[in-house]
Asks: 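Below is one structure. I have some questions about it.
Bear in mind the structure is a predicted one, so any value in this text is a computation, not a measurement.
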Amino acid sequence: MKSWPSRLLVIVAVAGVAGCATWTRWTHKAESAGEPAPPAEAAQAHVMLVPGALKWQPFSPGGPGAKLAVLSGDPEKSGPFVIRIRQPAGGKTPPHWHPVDEHVTVVKGTMFLGMGEKLRKRGAREFPAGSYLMLPAKAPHFAWVGRKGEGIVQVHGTGPFQIVFVNPADDPRNKTGKR
């Protein structure tokens, strides 16, 4: 009769071989003998960016001094996208909503967010860097950046992505320059 350590060793070895076979099946696609590989240009390119490579552009819906960088995809078209929005300390975004779910990660600074059609500081929550929020489509909300330092959020979702202000008069895109 074999000892239990010997049996345990055999069980572990069998489980390891089965695990490797499963891993190989999940990570390696079987190649069909009759079908050629897809052309290289058909594969989606990797996106690898360091902070200095981001191309920040003015982003008027985010208020004065706000900037936007598109990391991948096109938020104005159908399909997945990732963007970052940078706002100066104290920057505010009036009540608005989006036609699609909005996934937000606070990358830098502190963001305050409240739900509803009126900007009310009471009831808003504080979200430090590292926080994640999922805001359902058409849910009115508002936000502002803390007074100490700029804020950067990363937004991802499936486009087309739009910002619809609850009160059209709050939309900075509708305001003409003051003279």
Side-chain angles (χ1 to χ4, degrees), residues 26-27 42-179:
W26 285 348
T27 59
Q44 188 175 9
H46 291 347
V47 175
M48 295 184 244
L49 298 168
V50 294
L54 298 181
K55 295 178 182 171
W56 294 100
Q57 299 179 13
F59 182 60
S60 62
K67 300 205 180 269
L68 175 117
V70 176
L71 280 63
S72 68
D74 184 340
E76 295 180 358
K77 294 183 179 175
S78 292
F81 70 90
V82 180
I83 59 175
R84 285 199 184 159
I85 300 170
R86 184 170 76 190
Q87 290 179 294
K92 293 179 183 171
T93 306
H96 63 282
W97 55 272
H98 311 281
V100 297
D101 291 349
E102 178 183 30
H103 299 266
V104 180
T105 303
V106 181
V107 176
K108 181 180 180 184
T110 300
M111 183 177 92
F112 293 84
L113 185 120
M115 303 304 291
E117 295 186 356
K118 293 190 180 202
L119 195 151
R120 294 188 177 132
K121 290 190 176 187
R122 176 178 260 172
R125 291 191 49 200
E126 180 176 342
F127 295 96
S131 298
Y132 167 79
L133 304 91
M134 194 293 288
L135 304 168
K138 299 182 181 176
H141 58 279
F142 50 88
W144 69 92
V145 176
R147 292 187 179 180
K148 294 182 181 178
E150 71 178 2
I152 298 177
V153 296
Q154 182 163 300
V155 178
H156 73 274
T158 303
F161 185 74
Q162 297 174 326
I163 299 170
V164 181
F165 286 88
V166 171
N167 180 355
D170 288 339
D171 188 340
R173 297 169 291 193
N174 293 338
K175 296 180 181 177
T176 58
K178 294 180 182 178
R179 295 184 186 186

Asks: Keeping Asp170 on the side-chain end and Pro95 on the backbone end, is there a donor-acceptor pair under 3.5 Å?
Replies: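 Not confirmed, Asp170 side chain does not pair with Pro95 backbone.
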Asks: Of the non-hydrogen atoms in Asn174 and Pro168, which two are nearest, and what is the gap between them?
Replies: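 Taking Asn174 first and Pro168 second, the nearest heavy atoms are ND2-O, 2.9 Å.
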Asks: Taking the side chain as C-beta and beyond, is there a heavy-atom pair between Val100 and Thr158 under 4.5 Å?
Replies: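 SC-SC contact between Val100 and Thr158 ruled out.
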Asks: For a quick test of reading the model, state the closest non-hydrogen atom pair linking Leu71 to Val47 and the distance between them.
Replies: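 Leu71 and Val47 have their closest heavy atoms at O-CG1, 3.3 Å.
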Asks: At what distance, to the nearest 0.5 angstrom, does NE2 of His103 lie from NE2 of His156?
Replies: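 Going from NE2 on His103 over to NE2 on His156, the span is 5.0 Å.
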Asks: Fit a plane to each ring of His141 and His98, take the angle between them on a 0 to 90° scale, and name the class: parallel (under 30°), tilted (30 to 60°) or perpendicular (over 60°).
Replies: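 Tilted: the ring planes of His141 and His98 meet at 30° to 60°.
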Asks: From Leu54 CG over to Ile152 CD1, what is the distance, rounded to the nearest 0.5 angstrom?
Replies: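 Leu54 CG to Ile152 CD1: 8.0 Å, rounded to 0.5 Å.
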Asks: Could you list all the salt bridge (Lys or Arg N to Asp or Glu O under 4.0 Å) pairs where at least one residue sits in residues 159-168, not counting sequence neighbours?
Replies: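 Every candidate salt bridge (Lys or Arg N to Asp or Glu O under 4.0 Å) pair involving residues 159-168 fails, so no pair, neighbours aside, qualifies.
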Asks: Evaluate the ring planes of His96 and Phe165, with Trp represented by its six-membered ring, and classify them as parallel (under 30°), tilted (30 to 60°) or perpendicular (over 60°).
Replies: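 Aromatic pair His96/Phe165 classed tilted.
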Asks: Heavy atoms only: give me the nearest Ala66-Pro88 pair and the separation to one decimal.
Replies: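 Where Ala66 meets Pro88 most closely, the heavy atoms are N-CD, 4.1 Å.
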Asks: Just wondering, do Phe59 and Ile83 contact through their side chains at under 4.5 Å, heavy atoms?
Replies: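 Side-chain contact under 4.5 Å: no.
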Asks: Please check this pair: side chain of Gln87 against backbone of Gly62, looking for a donor-acceptor N/O pair closer than 3.5 Å.
Replies: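 Side chain of Gln87 to backbone of Gly62: a pair is present.
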Asks: With under 30° as parallel and over 60° as perpendicular, where do the rings of Trp144 and Phe142 fit, or are they tilted in between?
Replies: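 Trp144 and Phe142: parallel rings.
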Asks: Side chains of Lys118 and Val166, heavy atoms from C-beta outward: is any pair under 4.5 Å?
Replies: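 No, their side chains stay 4.5 Å or more apart.
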Asks: List for me each residue that meets salt bridge (Lys or Arg N to Asp or Glu O under 4.0 Å) alongside Asp101, sequence neighbours excluded, and say none if there are none.
Replies: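 Once residues adjacent in sequence are excluded, Asp101 has no partner under the salt bridge (Lys or Arg N to Asp or Glu O under 4.0 Å) criterion.
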Asks: With a 4.5 Å heavy-atom cut-off, do Val82 and Gln154 have their side chains touching?
Replies: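 Yes, side chains in contact.
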Asks: Can you give me the closest heavy-atom contact between Pro99 and Ala137, atom names plus distance?
Replies: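 Here Pro99 and Ala137 meet closest at O-CB, 3.4 Å.
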Asks: Do Val155 and Phe81 make a side-chain contact, defined as non-hydrogen atoms from C-beta onward lying under 4.5 Å apart?
Replies: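 Touching, per the 4.5 Å side-chain cut-off.
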Asks: Is it the case that over 12 heavy atoms from other parts of the model lie below 6.0 angstrom from the CZ atom of Arg173?
Replies: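 Counting neighbours around CZ of Arg173, more than 12 heavy atoms of other residues, nucleotides or ligands fall under 6.0 Å, so yes.
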Asks: Only counting residues at least two apart or in another chain, list the ones meeting salt bridge (Lys or Arg N to Asp or Glu O under 4.0 Å) with Arg84.
Replies: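 Checked Arg84 against salt bridge (Lys or Arg N to Asp or Glu O under 4.0 Å); zero matches.
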Asks: Heavy atoms only: give me the nearest Pro61-Thr93 pair and the separation to one decimal.
Replies: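 Scanning both residues completely, I find the closest heavy atoms to be O-CG2, 4.1 Å.
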Asks: Tell me if the NZ atom of Lys92 is crowded by more than 12 foreign heavy atoms within 6.0 Å.
Replies: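 Counting neighbours around NZ of Lys92, 12 or fewer heavy atoms of other residues, nucleotides or ligands fall under 6.0 Å, so no.
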Asks: How far does CE of Met115 sit from CG of Leu135, to the nearest 0.5 angstrom?
Replies: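 Nearest 0.5 Å value for the CE-CG distance: 5.5 Å.
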Asks: Looking only at heavy atoms, which two atoms of Pro160 and Glu76 are closest? And how far apart?
Replies: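 For Pro160 versus Glu76, the nearest heavy atoms are CB-O, 3.5 Å.
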Asks: Could you tell me the separation between the CD atom of Glu126 and the CZ atom of Phe112, rounded to the nearest 0.5 Å?
Replies: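 So the CD of Glu126 and the CZ of Phe112 are separated by 4.0 Å.
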